[in-house]
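Down below is the structure, laid out as structure tokens.
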Amino acid sequence: MRLYWLAVVALCAAAIAPPPAFAQRAARPAATPRVEFGGTGAVPARRGIVVSVSSFASDIGAATLARGGNAVDAAVATAFALAVTHPSAGNIGGGGFMVVRMASGEATTFDFREKAPLSATPTMFQTADGAIAYALTDSGWLSPGVPGTVHGMESAHARLGKLPWRSLVLPAAQLAAQGFPLSRALAADLNEQLLTTFAPFPSSMAAYGRRDGRAWRAGDRLRLPDLARTLRAIADSGARAFYTGWIADSLVQQMRDHGGAITARDLAEYRAVERAPLRGTYLGNDIIAMGPPSSGGVVLIETLNQLEALSAERFARGTPEFLHLRIEAARRAYLDRARYIGDPDFATVPLERLLSTQYADSLARSIDPARASRSVSLASDLDIATEPMETTHFSVVDAEGNAVSQTYTLEGGYGSGIVVRGTGFLLNNEMGDFNKKAGYTSTRGDIGTAPNLIAPGKRMLSSMTPVILARDDQLLLVTGSPGGRTIPNTVIDVVLGVTAFRQPVRAAVDAPRIHHQWLPDVTQFEVGAISTAAQFSLAEMGHLLRQRPAQSQGDAHSIWYDARTKTAYGAHDRRSPDGKASAAAVRRRAPASGKR
Ligand code: DON
């Protein structure tokens with residue numbers, strides 16, 4: 001009821017002045033106080049830490065730090081290890097984004113998103129009568145984009161790494177050759193894929209099936225000899241070995257045999273791009289985020305800008321007042337994602353406007369404090385028809401306070417399901433992230449706007465949101481998540497926890513999450529995120545709510561950094577059973593000199 005009084009007051013005031021919540025921007029203190037005891041419940045580390053979905057990969061990353069590697073070295077080693085131990089998303093046949101902040105304050109990003117093959121066309125995923133052929137984007141030979149991970153890792157290492165490249169890739173090659181014991185979760189997942197995703201592809205069945213054809217059990221050792229050979233070639237000769245030579249030849253031959261689109265030229269011409277990060281601030285914290293072709297940074301900053309304009313942090317987290325503003329801000333930011341964002345090398349994205357506080361103020365003014373907006377009516381210019389955790393994120397901080405936030409993916413779990421013959425690696429199915437039909441935007445979530453239509457050599461829009469926060473020129477938080485379009489909302493909830501609600505990182509990662517992505521016009525929430533009483537209040541305001549299982553949104557492996565004690569605190573997301581925060585041990589020997 002209090003909300004309705006607020007609404008009445010706000011509506012009366014609106015005739016002569018902006019709503020009271022909004023008017024408080026100038027009066028609000030510049031920064032909220034620091035989190036005290038931010039490390040509670042997390043793994044402390046003075047010599048650096050790696051937090052990922054896989055204990056083996058986190059350990060390889062932490063060992064890289066212990067050998068004298070910096071955060072970028074550890075990220076590269078972790079990424080290659082995840083390609084072995086977390087095959088649903090860790091990859092060399094996919095792509096992603098890395099955000100780096102060095103202790104000096106220098107920050108940059110690496111965009112190694114996949115690209116459409118040069119033969120791609122805007123209608124390649126439509127049937128003759130113009131229907132969208134979802135099956136073609138989900139799996140099979142037309143679904144992969146040109147992979148970017150290997151060139152991305154090489155570019156980041158060449159710019160900022162310290163240790164020799166070979167020493168970063170070899171541990172993954174050794175792990176693939178020797179094998180590793182399957183966890184209960186991975187054994188069960190592989191058994192399922194062998195009956196579904198891998199079944200049409202003999203090379204995939206051979207790589208991931210048990211030799212005797214029986215089901216995997218927890219504790220069985222998974223050896224990946226072809227992948228080991230591929231990784232050894234990359235260790236010896238760098239990205240060149242992947243994009244030209246026998247690995248590329250095998251991929252191209254298989255594409256030719258099966259009507260796929262990727263050619264030798266597509267591979268040879270692939271380049272990762274170093275891009276300036278997006279910058280924003282929230283309650284005195286600096287945000288360093290990924291720009292297009294990821295939409296993550298824009299959605300994150302635009303949402304937080306609105307929440308700051310509304311002084312949303314004055315409400316407690318689970319209150320209907322806060323949740324209403326949180327949902328409305330996300331609704332507006334996700335609409336802009338659909339409307340404006342695509343590959344910046346192909347589409348003009350109005351970044352300056354989208355990230356400006358004036359623009360956020362205007363959006364905040366459009367939020368009725370007592371009523372949910374209707375997503376469709378916010379977008380009268382778009383023609384609208386009615387109608388999963390398979391990416392992975394890891395965070396790294398080294399002893400000097402350099403930080404890496406990396407999210408990368410094959411898109412769906414195990415991507416296209418295709419293991420390239422003789423190479424052991426899985427190809428992505430990222431082409432499905434393009435808009436598949438011009439002008440077709442549906443309440444189910446299809447988007448048909450121009451910036452993300454398919455074009456040769458174009459990168460598809462992503463929601464991946466690797467982010468780093470700093471405060472007073474010191475590192476504060478490294479986070480990110482998988483989860484498709486839920487990703488920006490997961491990251492927003494972790495960031496809000498650590499900043500607006502002053503939670504320790506462990507509590508911020510554990511906290512139940514919500515998701516609204518403009519369309520479908522429904523707020524999903526993990527059990528516990530919205531109390532029954534708050535659900536009634538929100539429903540009265542016109543929100544449509546859908547509860548999802550507990551612990552089912554995202555997988556935000558995060559690090560909080562205490563600059564006063566130079567201690568990193570790692571919190572792996574307990575939503576995934578095999579994750580780990582691995583602190584680097586005392587350095588055992590001097591780092592090898594030179595990078596090659
Ligand atoms: O780039 C993107 O936004 C998607 N390909 C990410 C896919 C994803 O997170 C699936 N896992 N939950």
Side-chain angles (χ1 to χ4, degrees), residues 52-53 82 86-91 93-99 109-116 125 134 137-139 143-149 152 185 189 193 197 289-300 333-334 337-338 341-343 388-394 405-417 426-436 445-447 451-452 454 458-467 479-492 513 515 517-518 524 526 548-549 551-557 573 575-576 579:
S52 86
V53 70
L82 283 167
H86 187 61
S88 66
N91 69 81
F97 303 100
M98 178 193 279
V99 176
T109 75
F110 295 90
D111 164 4
F112 51 98
R113 182 70 162 164
E114 300 92 324
K115 285 182 155 196
F125 295 117
Y134 293 100
T137 66
D138 287 348
S139 171
S143 67
V146 183
T149 296
D189 199 13
Q193 305 311 319
T197 323
M290 194 67 224
S294 174
S295 60
V298 172
V299 174
L300 172 73
Y334 270 87
R337 170 193 188 276
I341 307 179
D343 183 344
M389 251 134 11
E390 288 108 355
T391 292
T392 193
H393 174 84
F394 60 88
S405 182
Q406 177 165 328
T407 315
Y408 75 149
T409 187
L410 290 166
E411 161 47 17
Y414 303 88
S416 62
L426 276 157
L427 274 173
N428 68 83
N429 61 340
E430 216 75 60
M431 289 295 285
D433 278 0
F434 278 116
N435 297 352
K436 293 157 208 81
D446 295 296
I447 295 172
N452 188 38
I454 306 174
K458 187 174 179 178
R459 290 175 152 91
M460 56 294 283
L461 178 63
S462 173
S463 298
M464 290 186 276
T465 313
V467 68
T479 191
S481 176
R485 265 185 241 180
T486 63
I487 295 173
N489 275 315
T490 295
V491 174
I492 288 164
R513 298 168 181 154
H515 173 64
Q517 61 171 43
W518 174 56
Q524 296 180 29
E526 287 183 327
R548 51 186 296 166
Q551 307 263 297
S552 63
Q553 182 180 317
D555 193 21
H557 303 290
D573 195 325
R575 286 166 183 77
S576 62

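As the structure lists them, so they are numbered: ligands from 1, and atoms in each ligand from 1.
Salt-bridge formation is detected for the pair D111/R459: a Lys NZ or Arg NE/NH1/NH2 atom is positioned less than 4.0 Å from an Asp or Glu carboxylate oxygen. Salt bridge absent: D555 and R513 never bring a charged side-chain N and a carboxylate O closer than 4.0 Å.
At a 4.0 Å heavy-atom cut-off, ligand 1 does not touch Q553 at all. The residue M460 has no part lying near ligand 1, judged by heavy-atom distances below 4.0 Å.
For atom 9 (O) of ligand 1, the choice among L461, D555, N429, T391 with the nearest heavy atom turns out to be T391.
Within the listing of ligand 1, atoms 1 (O), 2 (C), 3 (O) sit less than 4.0 angstrom from a heavy atom of S463. Atoms of ligand 1 found under 4.0 Å from any heavy atom of D433 (numbered from 1 in listed order, with element): 1 (O), 2 (C), 3 (O), 4 (C), 5 (N). For ligand 1, the atoms closer than 4.0 angstrom to any heavy atom of M464 are 1 (O), 3 (O). Heavy-atom contacts of I487 reach the following atoms of ligand 1: 9 (O) (cutoff under 4.0 Å).
To the nearest 0.5 Å, atoms OG (S143) and CG (D433) are separated by 11.0 Å.
The shortest separation from a heavy atom of R485 to ligand 1 is not under 4.0 Å, leaving the residue out of contact.
In terms of polar-atom proximity, G484 is counted as a contact of ligand 1, with an N or O under 3.5 Å from an N or O of the ligand.
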task = Could you go through the side-chain contact (heavy atoms from CB on, under 4.5 Å) check for S552 and E526 one step at a time?
result = CA-CA 7 Å; S552 63; E526 287 183 327; 4.2 Å; yes

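The main-chain N or O of M464 is found under 3.5 Å from a side-chain atom of S294 such that the two form a donor-acceptor pair.
Ring-plane geometry between F112 and Y408 is classed as perpendicular, the angle between the planes exceeding 60 degrees on a 0 to 90 degree scale with a lower cut at 30.
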